[in-house]
Asker: 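Before I ask anything, here is the structure I am working with.
Treat the numbers as computed from the prediction; the structure is a model and nothing was measured. The sequence lines fix the lettering, A, B, ..., with proteins before strands; numbering per chain opens at 1.
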Amino acid sequence: MLDINLFRESPEVVRDALARRGEDPAVVDAVVALDERRRAALTEVEALRARRNAESKAIGQVRDAVERQSRIEAMRGVNARIDAVDADLASIEAELQARLQQVPNLPRADVPVGASEHDNVVVRHVGDLPAFDFEPRPHWDLGPALGLIDFDRGTRLSGSRFYVLHGPGARLQRALIQWMLDTHAAGGYAEVYTPFIVREQCMWNAGQLPKFIDNLYHDAEDDVWLVPTAEVPLTNLHADEILADDQLPLHYVAYTPCFRREKMSAGRDVRGIKRGHQFDKVEMYKFTRPEDSPAALDAMLADGEALLQALGLPYRVVQLCTADLGFGSTITYDLEVWAAGCGEWLEVSSISDFGSFQARRAGIRFRRSRGAPTEFVHTLNGSGLGLPRTLIAVIENNQRADGTVAIPEVLQARMGASEIRG
RNA sequence: GGAGGGGUCGCAUAGUCUGGUCGAGUGCGCGCGUCUCGAAAACGCGUAGGGGUUCUGCUCCUCGUGGGUUCAAAUCCCACCCCCUCCGCCA
């Protein structure tokens, strides 16, 4: 959520930013108008309340029964007016909130303007694409052939877009998770284990609701939600807290499964394990002072890249243009790994600076010093990395002519093997 | 799942029965000051967050959350959330 003061003081900044995203800037005028109406109603109702409070206090002191009664009668009329203005105020506020919640974050000034994802900018390529003297197979062939991936049983258990990993497949995924967690921990991220089921408020705080309601799993009986990413519980870790300056920055890393309905992506990426309703992810998350977030973003990007480099996987860094930027993000870099079998660049990480957007929603503040005013922190998140796609890249890029797969050196100890054979 | 107790200003507590002088007392902690060569102790002062405004003033909201009763709610009523104790069940 954006700061309402931004709409009041520099509406043109918001308008420009929305236009760069390809969004309709008309919301700005609606918000400004609602804000003015809100403040007018607020001033009125508060004046009435002040009167009531003072008079009620006075009535408490009155001994004379007749006078007391007449003054109580008089206050009934004031109450009726308070109720009327209050009802008006409540509806104005509800609408203002609803509008504000729908406004995406403002892109950072250096984000390239674009009309669609085709305008995203490839910043750099790292690593050479593997060369094969045979036709590399996609993981949906190779996986079942090696007994690593079992699509049929996954579907039988849970429906389409579910799969089972067997033996070395399951073990490879676990090795990757553990290695990533250990690597980030060594890099200064504090490891946390969070609930995978959260209250509705957490979804609002993280910006998942109301926008992405169609993509979330919800349990109606207990009114709780399955996390679509560790970003949700991590954002909420410090919700409604006022942090001390010396606590910042806070760096966290968490492993969680992620649950997504994928209604919006029906028919996309249906083959293989690129896009499932359930997948695993290791997530990096930072809370920083506002002025520190740009550097923190660069560092997080480097931390994500370091994993791909250590795995020996070729990848490219893509900067999202304004049109493709996520709802709460000011700037985002995607890491896309090359998958030789399916011949695609797969997004394994999306690394973003959310500015104060989530912090404002979740009430995450800090104070620079004793007595200083509270300020919202900046939050950053990035996958480090998404599992199924990393798994795909490892398998497809390291396959050999005889159908076996070499295990990257950094994983061999955890795998207890240097290759996978059927 | 059954029975009971409880959530108050950083922490610990008073206040709730008997609604008004309670946005809230006390202790601890913390900050500033006095004293001191310095420190401790002692003493004094201060110490929640958010909003509106005709703004160094006035004012509104928040005593778990949301409603209700009332001229007036920390205090009475309802719903929900959370914590604790005991019983049952269970990984």
Asker: For B:A72, what is the paired nucleotide under Watson-Crick or G-U wobble rules, both distances under 3.5 Å?
Answerer: none

Asker: Determine whether a donor-acceptor pair (N or O, by modelled atom type, separation under 3.5 Å) exists between the side chain of A:Asp83 and the backbone of A:Ala80.
Answerer: no

Asker: For nucleotides B:A24 and B:U47, find the distance between their C1' atoms and express it as a whole number of Å.
Answerer: 15 Å

Asker: Taking atom C1' in both B:A73 and B:G67, compute the distance separating them and give it to the nearest angstrom.
Answerer: 14 Å

Asker: What contact category does A:Arg71 fall into here, base, sugar-phosphate, or nothing, at under 4.0 angstrom with non-hydrogen atoms?
Answerer: nothing

Asker: Give me the one residue out of A:Met300, A:Gln358, A:Glu231, A:Met284 that meets side-chain contact (heavy atoms from CB on, under 4.5 Å) with A:Leu380.
Answerer: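 Of the listed residues A:Met300, A:Gln358, A:Glu231, A:Met284, the side-chain contact (heavy atoms from CB on, under 4.5 Å) partner of A:Leu380 is A:Met300.
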
Asker: Taking atom C1' in both B:C58 and B:U8, compute the distance separating them and give it to the nearest angstrom.
Answerer: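 Looking at atom C1' only, B:C58 and B:U8 are 28 Å apart.
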
Asker: Considering only the C1' atoms, how many Å lie between B:A48 and B:G64, rounded to the nearest integer?
Answerer: 16 Å

Asker: Distance-only, no hydrogens or angles: does the A:Thr330 side chain make a donor-acceptor pair with backbone N or O of A:Asp353 under 3.5 Å?
Answerer: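 Side chain of A:Thr330 to backbone of A:Asp353: a pair is present.
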
Asker: Whom does B:C43 pair with, Watson-Crick or G-U wobble, provided both distances fall under 3.5 Å?
Answerer: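 Base-paired to B:G33.
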
Asker: Hey, where on RNA chain B does chain A first and last touch, going 5' to 3'? Cut-off is any atom under 4.0 Å from a heavy atom.
Answerer: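 From 5' to 3', the first and last contacting nucleotides are B:G20 to B:C82.
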
Asker: Partner lookup for B:G57, please. Criteria are Watson-Crick or G-U wobble with both distances under 3.5 angstrom; report none if nothing qualifies.
Answerer: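 B:U53 - that is the nucleotide pairing with B:G57, both distances being under 3.5 Å.
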
Asker: Who is the Watson-Crick or G-U wobble partner of B:A79, with both distances under 3.5 Å?
Answerer: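 Across all strands, the one nucleotide that pairs with B:A79 is B:U65.
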
Asker: Map A:Thr374 and A:Asn79 onto RNA chain B by nearest heavy atom, then report which one ends up closer to the 5' terminus.
Answerer: A:Thr374

Asker: Give none if B:C22 has no partner; otherwise give the nucleotide forming a Watson-Crick or G-U wobble pair with it, both distances under 3.5 Å.
Answerer: none

Asker: Among A:Thr374, A:Leu248, A:Ile242, which residue satisfies the side-chain contact (heavy atoms from CB on, under 4.5 Å) criterion with A:Phe366?
Answerer: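 Single side-chain contact (heavy atoms from CB on, under 4.5 Å) partner of A:Phe366 among A:Thr374, A:Leu248, A:Ile242: A:Leu248.
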
Asker: Can you tell me if A:His238 uses its side chain to pair, donor with acceptor, with the backbone of A:Leu243 under 3.5 Å?
Answerer: no

Asker: With a cut-off of 6.0 Å (strictly less than), are more than 12 heavy atoms of other residues, nucleotides or ligands near CZ of A:Arg51?
Answerer: no

Asker: Is it true that a side-chain atom of A:Arg20 and a backbone atom of A:Pro107 form a donor plus acceptor pair closer than 3.5 Å?
Answerer: yes

Asker: Base, sugar-phosphate or nothing for A:Arg68? Non-hydrogen atoms, less than 4.0 Å.
Answerer: base

Asker: Just one of A:Val121, A:Leu320, A:Asn120, A:Leu297 clears the side-chain contact (heavy atoms from CB on, under 4.5 Å) bar with A:Tyr333, so which one?
Answerer: A:Leu297

Asker: Please report the distance separating the P of B:U18 from the corresponding atom of B:C78, rounded so that it comes out in whole Å.
Answerer: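 Comparing P positions in B:U18 and B:C78 gives a spacing of 15 Å.
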
Asker: Go nucleotide by nucleotide along RNA chain B from the 5' end; which of A:Arg51 and A:Leu42 gets its closest nucleotide reached first?
Answerer: A:Leu42

Asker: Roughly how many Å apart are B:U62 and B:C9, using the C1' atom of each and rounding to a whole number?
Answerer: 11 Å

Asker: With both distances kept under 3.5 Å, what pairs with B:G10, Watson-Crick or G-U wobble?
Answerer: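 With both distances under 3.5 Å, B:G10 matches B:C28.
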
Asker: Rounding to an integer number of angstrom, what distance separates B:G88 and B:C82 when you compare their C1' atoms?
Answerer: 23 Å

Asker: Indicate, with a heavy-atom threshold strictly under 4.0 Å, whether A:Arg360 touches base, sugar-phosphate, or nothing.
Answerer: nothing

Asker: Looking at B:C86, which nucleotide sits across from it as a Watson-Crick or G-U wobble partner, both distances under 3.5 angstrom, or is there none?
Answerer: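 Base partner found: B:G2.
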
Asker: Could you measure between the two P atoms, the one in B:A41 and the one in B:C32, and give it in whole Å?
Answerer: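 Taking atom P in both B:A41 and B:C32, they lie 14 Å apart.
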
